[in-house]
Amino acid sequence: MPVAVSFGLAGGSVRRLCVHSSATGPDPGTGKAAREGDKSEDLPDTTNSPVVQRLTPCGTQGEPDIARTFIDLSDKRLYLAQRFSCLYLSLRVFRANFLLRHMKHPLRLLLFGLTAALPWLATGCMKYGPMDEERFGDGDRSGHGLLVANEGNFMYGNASLSFYDPATGRVENEVFARANAQKLGDVAQSITVRDGVGWVVVNNSGVIFAIDLYSFREQGRITGFTSPRYIHFVNDRKAYVTQIWDNRICVVDPWSYRITGYIDCPGMRPENGSTEQMVQYGRYVFTNCWSGHDRLLAIDTETDRVCAELRVGWQPTSLALDCHDRLWVLTTGREEVGEGPALTRIDARTRQIERRFDLPTGDTPTELVLNGARDTLYFIHNDIWRLPVTAESLDEAGTGGRPFIASRGTRYYGLTVDPVSSEVYVADAIDYVQPGIVVRHTAQGVPVDEFRVGITPGAFGWRLPEPLDTPEVAEPNNRLKP
């Protein structure tokens, strides 16, 4: 999908409600870590409010009413109002995240208790004045680059986008806010790139933004979702959007930015609905039912109906389709019934399980991604592991039985592989409160650069110099990150 604490919470929604928690935790509808949690309340639309432009608690637009009362009071009372509003938001976040059923590390609760009070104690919680628009992307529009979606903290409205130029090593943070003079929203769950446009799914805000990959300016938006997770393009005029806390997948028209229909998911109710990433084989789109489920669903794109389902193991967190048309699925397992985490290989044509690779217990495997050739898998299981798609044993994972990239002792939360150079980028959420770090590694796993981004970095999208013959698959902001 998570709490502002981060609780691992990663940032956001329930991008998984959590199995990966988020700093503010993903809530039912908010980030990778949020894969499960309480359904969030709809927040008032304050985009055009002059009050919010002048005075916004902690940089968010979701809870301005408390501070609004104090605008015309003396400096001393304004000072107290600032801290009171921040404390109120911290308590709201604590309550929302405490309800999450799955928490990877109990210590996060203690960590959150210590960190949630920081905004209250800190000065400068309020931000005054409207934002200015900046221009990006003037001149050459052929550069290679990496867009990073930072979930932020659940219910803090501090999701953001960062952009990294591998050629120069330069990073630009808050590019969406700077280019559009508005905040991105609450819990940036995933990014999918198609034809030079980045589609950014903001889970707890219930919106998908279409942005130009060079200017970062908004080109359009789709609204009306319960809690969107990922978008997959069937063709130029039709795309599917998965959701959590909804037993339907949305059918949308990318040209008109409208929801045009729904796909009912069997065996789900609105309160336990959960569909995540999507990949396509021929006319069929496969999606993993993550939070509280154990299935993959196959959707016939000609009828927009679920035509088959396959049980793969408890809580499939991420999904990929390799160069041999085989599906790969990571599952968390359930200790109470003796089922451990696993990596499963499935023939996409016959929909039969070919092999199951049992993974060590003690952590939740997430962020399954492929390189540009789609012949090598990478995933997070505490460390970063690499496995050829032809492997028949986990002995071939990593390097000589060791992880491909060892853990830094914090929290790896996002993963992507440059489809051109095969360099590996790992997002480190650290404590889910401070700005995270992305570490760049060579194709051999040697670190060569690292850069600061926003809070709880979890999803990536590549701006390529020219089209590649690769399938469209949204990077996992796994963050089964709620």
Side-chain angles (χ1 to χ4, degrees), residues 14-16 28-29 35 39 189-190 192 194 199 201 203 206 208 222-322 325-329 331 344-354 471-474 476 480:
V14 178
R15 195 185 146 224
R16 292 169 170 179
R35 299 229 172 141
K39 207 170 244 186
Q189 171 68 26
S190 63
T192 297
R194 180 181 174 87
W199 297 80
V201 180
N203 173 267
I208 299 177
I222 310 173
T223 60
F225 303 104
T226 299
S227 188
R229 307 288 283 175
Y230 295 87
I231 183 170
H232 172 84
F233 289 84
V234 177
N235 54 48
D236 289 339
R237 294 305 304 267
K238 183 166 71 173
Y240 293 156
V241 177
T242 53
Q243 304 193 95
I244 195 167
W245 309 118
D246 198 320
N247 58 340
R248 304 167 300 172
I249 294 171
C250 295
V251 183
V252 302
D253 180 356
W255 283 17
S256 64
Y257 303 105
R258 292 186 304 109
I259 296 175
T260 59
Y262 298 92
I263 301 171
D264 292 326
C265 299
M268 291 185 189
R269 303 180 305 278
E271 61 270 21
N272 74 346
S274 174
T275 48
E276 283 287 313
Q277 298 168 13
M278 291 169 281
V279 296
Q280 186 165 352
Y281 170 73
R283 63 186 273 188
Y284 301 102
V285 168
F286 293 86
T287 183
N288 53 311
C289 304
W290 163 70
S291 178
H293 296 278
D294 62 356
R295 299 173 294 160
L296 297 185
L297 301 180
I299 303 166
D300 187 331
T301 59
E302 295 184 3
T303 63
D304 295 334
R305 295 174 65 90
V306 173
C307 61
E309 55 184 275
L310 175 64
R311 299 193 181 280
V312 293
W314 187 247
Q315 293 199 158
T317 62
S318 46
L319 179 67
L321 181 70
D322 71 19
D325 295 328
R326 292 181 300 192
L327 296 166
W328 293 81
V329 186
T331 53
T344 301
R345 188 179 71 208
I346 303 164
D347 186 315
R349 183 181 64 83
T350 64
R351 301 171 192 159
Q352 297 296 310
I353 294 177
E354 292 185 341
E472 297 200 15
V473 179
L480 258 166

Check: Between atom CG of L319 and atom CG of N288, what is the distance when rounded to the nearest 0.5 Å?
Finding: 5.0 Å
Next item on the list: Taking the side chain as every heavy atom from C-beta outward, state whether S190 and I231 have any atom pair closer than 4.5 Å.
Entry: no
Check: With a 4.5 Å heavy-atom cut-off, do C289 and E276 have their side chains touching?
Finding: no
Checklist line | T287 and H232, any side-chain heavy atoms less than 4.5 Å apart | finding: no
Next item on the list: Please report the closest heavy-atom contact between I222 and Y257, naming both atoms and the distance.
Entry: CG1-CA, 3.8 Å
Next item on the list: Any chance you could measure W314, atom CH2, to D294, atom CG, to the nearest 0.5 Å?
Entry: 6.5 Å
Notebook entry, point to check: Mind checking whether S291 and I244 have side chains closer than 4.5 Å, heavy atoms only?
Noted result: yes
Notebook entry, point to check: Between the main-chain N or O of Q243 and the side-chain N or O of D246, is there a donor-acceptor pair closer than 3.5 Å?
Noted result: no
Margin query: I'd like to know if the side chain of T260 pairs up with that of R258 as donor and acceptor (distance under 3.5 Å, no hydrogens or angles considered).
Written below: no
Margin query: I need the T275 OG1 to R295 CZ distance, nearest 0.5 Å.
Written below: 10.5 Å
Next item on the list: Supply the atom-to-atom distance Y240 OH to F233 CZ, rounded to the nearest 0.5 angstrom.
Entry: 13.0 Å
Notebook entry, point to check: Any side-chain heavy-atom pair from I249 and V241 closer than 4.5 angstrom?
Noted result: no
Check: Roughly how far, to the nearest 0.5 Å, is CG of L327 from CD of Q352?
Finding: 12.0 Å
Next item on the list: Quick one: do C307 and I299 satisfy side-chain contact (heavy atoms from CB on, under 4.5 Å)? Show the steps, please.
Entry: CA-CA 6 Å; C307 61; I299 303 166; over 6 Å; no
Next item on the list: Without swapping roles, check the side chain of Q315 against the backbone of G292 for a donor-acceptor pair under 3.5 Å.
Entry: yes
Notebook entry, point to check: If you look at every heavy atom in F225 and C250, which pair is closest and at what distance?
Noted result: CD2-SG, 3.7 Å
Check: Should the pair D322-R345 be classified as a salt bridge under the 4.0 Å nitrogen-to-oxygen rule?
Finding: no
Notebook entry, point to check: With a 4.0 Å cut-off, would you call D264 and R305 a salt bridge?
Noted result: no
Note to self: Do T317 and T331 have side chains that approach each other closer than 4.5 Å (heavy atoms only, starting at C-beta)?
What the structure shows: no
Item checked: W328 side chain near T344 side chain, heavy-atom distance below 4.5 Å -> no
Check: Crowded around R349 CZ? As in, over 12 foreign heavy atoms under 6.0 Å?
Finding: no
Check: Can you name the nearest heavy-atom pair linking E309 to P266, along with the distance?
Finding: OE2-CG, 3.6 Å
Next item on the list: Taking T301 for its side chain and R283 for its backbone only, find out whether a donor-acceptor pair lies under 3.5 Å.
Entry: yes
Next item on the list: Considering only NZ, NE, NH1 and NH2 on the basic side and carboxylate oxygens on the acidic side, decide whether D253 and K238 come within less than 4.0 Å.
Entry: no
Item checked: Side chains of R351 and F286 in contact at under 4.5 Å (non-hydrogen atoms) -> yes
Check: Looking only at heavy atoms, what is the nearest atom pair of H293 and S274, with distance?
Finding: CD2-CB, 4.0 Å
Next item on the list: Kindly determine whether Y284 and D300 satisfy side-chain contact (heavy atoms from CB on, under 4.5 Å), including the steps that lead there.
Entry: CA-CA 5 Å; Y284 301 102; D300 187 331; 4.1 Å; yes
Check: Got a second to check how far R248's CZ is from I259's CD1, nearest 0.5 Å?
Finding: 8.0 Å
